[in-house]
Each structure stands twice: as C-alpha cells, then as structure tokens.
A.B. asks: 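For reference, the structure I am asking about is given below.
Every chain is numbered from 1 and lettered A, B, ... according to where its sequence line falls, protein lines coming before strand lines.
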There are 4 protein chains.
Amino acid sequence: MTSSKQPRLGRPPASNSADTQERILAVARQSFAERGYEGTTNRLLAERAGITTGAIYHYFDSKREIYLAVDRDVGRRVFRRFREAEAGADTFVAKFEAILEVAHQMNSEDPSLARFLGAVRVDLQRHTELSEVMGVDGRLRDNAFLAAMVDHGIATGEVAPAQRELVLAFVRTVLIGLTDAVSDDLVAQRAAIDAIGALLEGSLIHPAAN
Amino acid sequence: MTSSKQPRLGRPPASNSADTQERILAVARQSFAERGYEGTTNRLLAERAGITTGAIYHYFDSKREIYLAVDRDVGRRVFRRFREAEAGADTFVAKFEAILEVAHQMNSEDPSLARFLGAVRVDLQRHTELSEVMGVDGRLRDNAFLAAMVDHGIATGEVAPAQRELVLAFVRTVLIGLTDAVSDDLVAQRAAIDAIGALLEGSLIHPAAN
Amino acid sequence: MTSSKQPRLGRPPASNSADTQERILAVARQSFAERGYEGTTNRLLAERAGITTGAIYHYFDSKREIYLAVDRDVGRRVFRRFREAEAGADTFVAKFEAILEVAHQMNSEDPSLARFLGAVRVDLQRHTELSEVMGVDGRLRDNAFLAAMVDHGIATGEVAPAQRELVLAFVRTVLIGLTDAVSDDLVAQRAAIDAIGALLEGSLIHPAAN
Amino acid sequence: MTSSKQPRLGRPPASNSADTQERILAVARQSFAERGYEGTTNRLLAERAGITTGAIYHYFDSKREIYLAVDRDVGRRVFRRFREAEAGADTFVAKFEAILEVAHQMNSEDPSLARFLGAVRVDLQRHTELSEVMGVDGRLRDNAFLAAMVDHGIATGEVAPAQRELVLAFVRTVLIGLTDAVSDDLVAQRAAIDAIGALLEGSLIHPAAN
DNA sequence: TATGAATGAGTGTTCATTCAT
DNA sequence: CATGAATGAACACTCATTCAT
C-alpha cells in the first residue's frame, strides 16, 4: 500500500524552512543568470530545489519577488566584498585595481554571481515591472560607491577635478565590460584586468611617434 | 546623408515582397533589442510590420530564422563601418579611437543597432538553439578583425608582442562595456570614449608618488 | 432582547475548542454568503478565524463539512424564528405577514443569514457534492412548514382547497424573491413586504374597468 | 503516418468564424447558468464547443469578456420579448401578467436563459470585476422598463400614486422570485404565475373575518 | 491543540506554428 | 501573397488537503 516510491503528502520529515528558502534562492540565482527572468520557469526552480512548484509560493509571493530577493542578496554580497577590497588600498589606482581583483576572485568562486550581475541589467530593461519596484536603491548605491573612489583620486592628485566624470565613465565601462564580456572565461578576464593595470601605469601602450 | 526620400536607382518602387521582408527585419531588430528573443512575439512583429502572423512564415521559416537574419544584417552593417573607420587611421591608437568614435556615431544614428549587439550576447547564451546554428561565424570574424588591429600595433611598436593578448582582452572589454553599459546614455558613452582616449595618451591618470 | 452580554449560565467562559469552532462557523457563514462556496478559501477562513489552514481540519473534515455545518446552523436559527412568529398569529394572512416581518427583522440583525440563504440555493445547484449529502433534510422541512401554514388557511377558509398548490407556490416565490432580490437593500425589502401586505388585503391594485 | 485519428494543425476545413463564436456563446450561457462564473472553466467551454482552450482566445480576450458577451446577449433577448409582451396589453395588470407569461414561455423554450439571469445576480455580487465593467447599463434599463409599466398603472388608476414604490418593489420581488426559485420546475412556476394572477384579481385570498 | 511545509491537480492565459482558404 | 482559425504545449499561480513536528 504505502510504497516507498511514491512521495507522501504533508510535511516531509526533516525539512527545514530556512534551508529550503536558501536552496530556492541559490538555484534561482543560477537560473536567472543563465536563462534570464523569462527563461527561468517555476518548474525548473522547483525541480532544482527538490520541491514542487506550489511549494515555492510558501516562500515567495511571486516569481518577481524571487528575482528581487536574489538581486538584493547578490547586491549585498558583492558590495561587501567591494568595500573591503577598496578599504585595504589607499590610492585611487590601488583601490580600482583591488576592486577588479576581487571581482575576478568572486567570479572564480561563484560564477553565478557575476553572471547574474551581467544579466540583471538586461532583464531590468526588458521587464519594467522589475525595475519599478527595485528601482533606485541598489543601482544608486553602486554609483555613489564608485564616485567616492574617484573623489579619493582627486584628493590624492591622481585625477584632475575636471576629469572626474570621464574617469567615472571609464570605471563603469570597464566594470560592466568585465562582467558581461568575459565573466565565463576566466583567462580572458585575467588578461583584461592585467591590461587595465598596465594601462594605468602607462606600460601597456607606447604611443607611436607618428 | 542617406536620405530615405530619393528613389533608389532605377528599381521599381516598393516591390512588395522585398519591402515586406525588410520591414520585418527592421521591426525585429528593434524588438529583439528592446525585449530580447523570448520577449519578442510573432504577433508583435506582425502588428508592427503591418501584416498577420501567418504571413511572417512566407518570409522566414521560424522565429529563430528571423533572429539569425537580423544578426547577420546587424553584423554586416557594423563590420563595414568598423572597417572603414579603421582603414582611415594608421596607428593602433588612432585605429582604436576611430572605432570607438564610429561606434558612438552609429549609436546616435540608430540605437537599435547597439542595443541589439548588447542583447545578442545575452540571448545567445540563454538560447543555445540560436548559437548552435550561428555559431562561430560572426563572432570569430570580429575577433579576427580586432586581432589584426592589435597586430598592427605590434608592427608600429605601440604594443609589445608579449602583451598582445592583454591588449586584445582590453579592447574587447571596452567595446562590450560601451555597448552594454551606456548604449542608451549618449552623454555617458561620449565621456567613456573620451576617457579611453585620454588614458591611451597618458593624460587621464597620474599615478601617485605614494 | 437576546443580549450577547450576559454570561451563558455557569459554563467556564471561552472553552478554547468550542470557541474556535464557533468562530470558524461565523466567518464561514459570512464568507459563503458573500463569495459562495468556491470563492471561499480555507486560507481566508483561517485568517479571519485567527488560525492556520491546518487547524481547520481539527474541527471539520473538509470544506464541504464546514458548508454543511453552516447550513444546518442557519437553517435552525431561521426555522426557530419563523416558527415563533407563525405561532403568534392565528389566520393564514397574519401568519404569512408575521413570517415576512421576522425575515426582515433577521436581515437587519445579521445580513449574513439572509445572504447565505440566498446563496445556498445557487451553490447547491452548482456543487452537487453538497446537495447529495445534505439533500432532503432542510429543504423539505421548510416546505412542510409552509404547507402547514397554507393548510391552516384552508381551515380558516382563507384559502380554497383547490388553490392550495397555487398559494404555496406564491408563498415560496415571494420568500425567495425577498431573500435574493433585496436582502441587501433594507428599504426595498421593507417596501416589498408592505406591498404584499396591502395586496393580500386587496388595497394595492385596483383592477381597471377596461 | 497521417492517421485519420489525430487532429491536424492549421485551419480545419469548413470552419466558420461566426459559427464558432456563437457556439462558444451558447455553451457559455449554459455553463455560466449551471455552474456559475468560477465553476465554468475554459477547458469545459472548449470541449463543449468542440475546440481547444487556446482557440477561445481568438474570439474573446478573456473569460470575463465571454461572460459580459453572454450577459449582453441574454439581456437583449429577454428585453425584446418583455417589451413585445408588454406592448400587447393595455392595463397595468394585463401588462404585468403578460410579462410573467412570456417569462414562463422563455423558460420553457430555453431554460439556460432564465437560469443565467438567476445566476448573474449572484456572480455579479461575488466577482466585482464583472459588475464594474458591466455596471449600470443593463440593470438600469430593466428598472426603467418596470417603472414605466407601473407609471402606466398610475395613469389608468390601477395604482395609487402614493404606492408607486411599493408596487415596483413587489414586481421586482416576484420577477426575481420566479427566476431564482422555480426556474427549473415548470409546474411550480406555472402555479406561481397563476397564483399572482388570481391574487391581483382578488380571487386567491379571502381574508378571514377574524 | 495547532503549526506550517509540502503536494498534485487544477486555473486562465500566451505563444510559435500550421494550414484551408 | 496573405489571412485568420485552430492547435498543443507551456507558463505563473491557487487551492484543498496532508502530516511531521
């Protein structure tokens, strides 16, 4: 009668709420990173988290809510690491390089982080329902963080005040280029970071006399 | 410059078939850029092209085929402009800057081009069905083009042979950063390009004595 | 009259179990009345009763069982009041009017009663699973009660024996019309009841000579 | 290969648009009448209409739209018949009786009409999304129609001006009682109508001397 | 006595695609 | 060349119910 094959109803033995929720977040981060918001189906999340689709709604009100939760989670993690890296250096160049370095490190440890960051920009543009709710919060904080770093460069004399915006634009471009372009090719990413380091020190390009 | 007013040579105006196909391609480029592959429905394309969904299948075998056609089309256009820009300069730095400049120009003229390029990388990753068919083709050609440019830098002495890969990685990172990050903010894109120019000339960052 | 204030005899106040069950019945009556059988979810009942969905199953075997319990409860209450009203009058007309009056009164005191009665007919038709179990019971008892009242009218000479069925059909139609049509508009209900009274006394309509 | 069993894709041979739409409306009217708005599933409608669920959306934007369409359709039919019946009589009593008669007739011809009318009141109350859109329109027109009939009674002297509201409330109560209570029991409905006729002529109840 | 994690079947709706006309 | 009626598989989400704790 009660075969050991068929899954039973009711609360499964030894199931932990916080555990399941974290499992959902983890598989969601991965799937959102790989397949995007639309491409990530509840069925897929459920399968990978070892539950059924209905159970997801015990933890999150909607797919959108899952996405936002993942975004918050990723944002927090990355921001903490960035801040730590930046705090350990004292010139603008050193801070910038430290950040690139830690970005590379995180990408090695858990590629889904970087990939999610790359994907989130696209998905936010495509699904306005997401950006409306999330909005300013995370994005703005990033900008403020980078701006402070550049301002530090002005204080140390590394950056001319007049070029504040230029440097900021460059920093952003490089960071995004690194996450989007080569987040799944660690060798290329390593090369790009080294290149930027060399470039900042003036040892990458030797302008032709021309 | 390229006015759409003047009748195109001696061809009978608006041969229906070719016209419709081109209209489909144009609206598809826009929609794929804005909403991605999944987010673009046949119904939407049909509506914007002024036909019905069924009619689409007279011109393309499937949605996938439309995507590939748009990609080829965009690739060709961008490549031609890039090559022209590159040919008009004779140092590596000048070529690189010319390419950035033309990328900015194209973005001003038709934002859907840059946006599609930004989106295509994500969509290819998400829908393996697309990358399998398209595959090497376009992507590799880009790489060859950029590699040739760097090799020219080696020839002129601007780039040390040992740093070939680094420079290549940097170029790619910047190009991708520019399309993805700031393709819809022309001011920021302008700033980023200027920053790179200044950096290459050594006038952006002034390493602290420290 | 029936104050809810005075402590009910010597029983210990608020024995938890019975209290909870009654709370469930009360919120169920309201919800079934407003939203019907399908529209009433266990979650809603649980929320309004201040418990969880699982707890409901300690008191009732199923949603259906709750519905049946509410129906029995409502039936009992209404029947008691109807009987009291009827007993206090001695002609058919007076009895009928007394019943209409008490129906109006009950509707003022607790609209969920009348509304449930209006809804139950529809829900029974829609969900055969409900009527099967409940079946004859309550419905038949009502009919017997009304039939007795009409028979009394025959005894008093108010109703001709040959018109027994006609009068019964009329009484039923009016009662149902009153619960369904205007149960949430006390003014209209009042008017309808007054109209029936006048009609029975022959003072509402004055047939045209024609 | 192409077995004659499996349904083919594409447009089925000999399929007529207007025909299918009407088939959907017909089965929808029946199902909404029997099982209500919630209880009517798209799958059921599709099965009964001989199509698939997806095809429904070729004809209606949503389930709600189907409901509204059925309501409009039913409203129109009933209103036309009511008006014809009323126009053929010249006293208030005759008009009222004519209306009751035609209601009974329509119920014999197509029970789904009356049942839908009985159900619609409940479903509108339960699903505010429906009443919001439909709103005043139909309901108000009914009231205006009945009011005009009563006003005619005032003109003929059948109804005292002071009792206008009472008579109106009575008419409404009876009409609703007839649709809701006994729409599926033609014998009972016949009896109820005859009873009302007799009552209006003063031959149903003979007040006791008391 | 009650909680709340989980199930499995179901809902309305969308979509790429097919094909008779 | 084009229409538009229709399919079938998918999707996000809801619900009554179960049961370990």
Side-chain angles (χ1 to χ4, degrees), chain A residues 6-21 38-46 49-64 66, chain B residues 16-17 20 38-46 50-64 66, chain C residues 16-17 20 38-46 50-64 66, chain D residues 6-21 38-46 49-64 66:
Chain A
Q6 64 188 31
R8 305 296 311 288
L9 286 187
R11 170 191 272 227
S15 110
N16 177 269
S17 178
D19 207 65
T20 305
Q21 177 148 14
E38 270 183 313
T40 294
T41 68
N42 284 340
R43 207 159 74 191
L44 186 86
L45 294 183
I51 50 177
T52 58
T53 56
I56 291 180
Y57 288 82
H58 234 315
Y59 298 95
F60 300 96
D61 283 351
S62 65
K63 189 180 165 185
R64 201 184 68 177
I66 303 179
Chain B
N16 260 352
S17 185
T20 305
E38 271 182 312
T40 294
T41 67
N42 283 342
R43 206 161 82 190
L44 186 86
L45 294 184
I51 50 175
T52 58
T53 56
I56 290 182
Y57 286 82
H58 264 285
Y59 298 95
F60 300 95
D61 282 352
S62 66
K63 188 180 166 186
R64 200 183 65 179
I66 304 179
Chain C
N16 260 352
S17 183
T20 304
E38 271 183 311
T40 294
T41 68
N42 283 342
R43 206 162 82 191
L44 186 87
L45 294 184
I51 52 175
T52 58
T53 56
I56 289 181
Y57 287 81
H58 263 285
Y59 299 95
F60 300 95
D61 282 352
S62 66
K63 188 179 165 186
R64 201 184 66 178
I66 304 179
Chain D
Q6 64 189 31
R8 305 294 314 287
L9 287 185
R11 169 191 273 227
S15 109
N16 176 269
S17 180
D19 207 66
T20 305
Q21 177 148 13
E38 271 183 313
T40 295
T41 67
N42 282 341
R43 207 159 73 193
L44 186 85
L45 293 183
I51 50 176
T52 59
T53 57
I56 291 180
Y57 288 82
H58 233 318
Y59 298 95
F60 300 96
D61 282 350
S62 65
K63 188 180 165 186
R64 200 183 69 177
I66 303 179

A.B. asks: Could you tell me which non-hydrogen atom of A:Thr53 sits nearest to which non-hydrogen atom of A:Ala46, and how far apart they are?
C.D. replies: N-CB, 3.6 Å
A.B. asks: Which atom names give the shortest non-hydrogen contact between C:Lys63 and C:Glu38, and what distance separates them?
C.D. replies: NZ-O, 3.6 Å
A.B. asks: Taking only the side-chain nitrogens and oxygens of D:His58, find out if one of them lies under 4.0 Å from OP1 or OP2 of F:dA5.
C.D. replies: yes
A.B. asks: When you check the phosphate oxygens OP1 and OP2 of E:dA16, does a side-chain N or O of B:Thr53 lie under 4.0 Å from one of them?
C.D. replies: no
A.B. asks: Could you check which of F:dA6, E:dG12, F:dT3 has an atom nearest any side-chain atom of D:Ala55?
C.D. replies: F:dA6
A.B. asks: Which residue lies toward the 5' end of DNA chain F, C:Tyr57 or A:Thr40, if each is placed at its nearest nucleotide?
C.D. replies: A:Thr40
A.B. asks: Between E:dG12, F:dA10, E:dC15, which nucleotide gets closest to the side-chain atoms of D:Lys63?
C.D. replies: E:dG12
A.B. asks: Which one, F:dG4, F:dA12, F:dA16, comes nearest to the side chain of B:Thr52?
C.D. replies: F:dG4
A.B. asks: By nearest nucleotide on DNA chain F, pick out whichever of A:Asn42 and C:Asp61 is the more 5' one.
C.D. replies: A:Asn42
A.B. asks: Using both distances under 3.5 Å as the test, list the Watson-Crick or G-U wobble partner of E:dA20, or none.
C.D. replies: F:dT3
A.B. asks: So which nucleotide from E:dA2, E:dA5, E:dC15 ends up closest to the side chain of C:Tyr59?
C.D. replies: E:dA2
A.B. asks: Closer to the 5' end of DNA chain E via nearest nucleotide, is it A:Ile51 or D:Gly54?
C.D. replies: A:Ile51
A.B. asks: For residues B:Asn42 and B:Ile56, report the shortest heavy-atom separation together with the two atoms involved.
C.D. replies: O-CD1, 3.5 Å
A.B. asks: Would a 4.5 Å heavy-atom cut-off, applied to side chains only, mark D:Tyr59 and D:Ile66 as touching?
C.D. replies: no
A.B. asks: Counting the atoms with a prime plus P, OP1 and OP2 as sugar-phosphate, which does A:Ile56 contact under 4.0 Å by heavy atoms, base, sugar-phosphate, or nothing?
C.D. replies: nothing
A.B. asks: Can you find a side chain N or O atom of A:Arg43 that sits less than 4.0 Å from OP1 or OP2 on F:dC11?
C.D. replies: yes
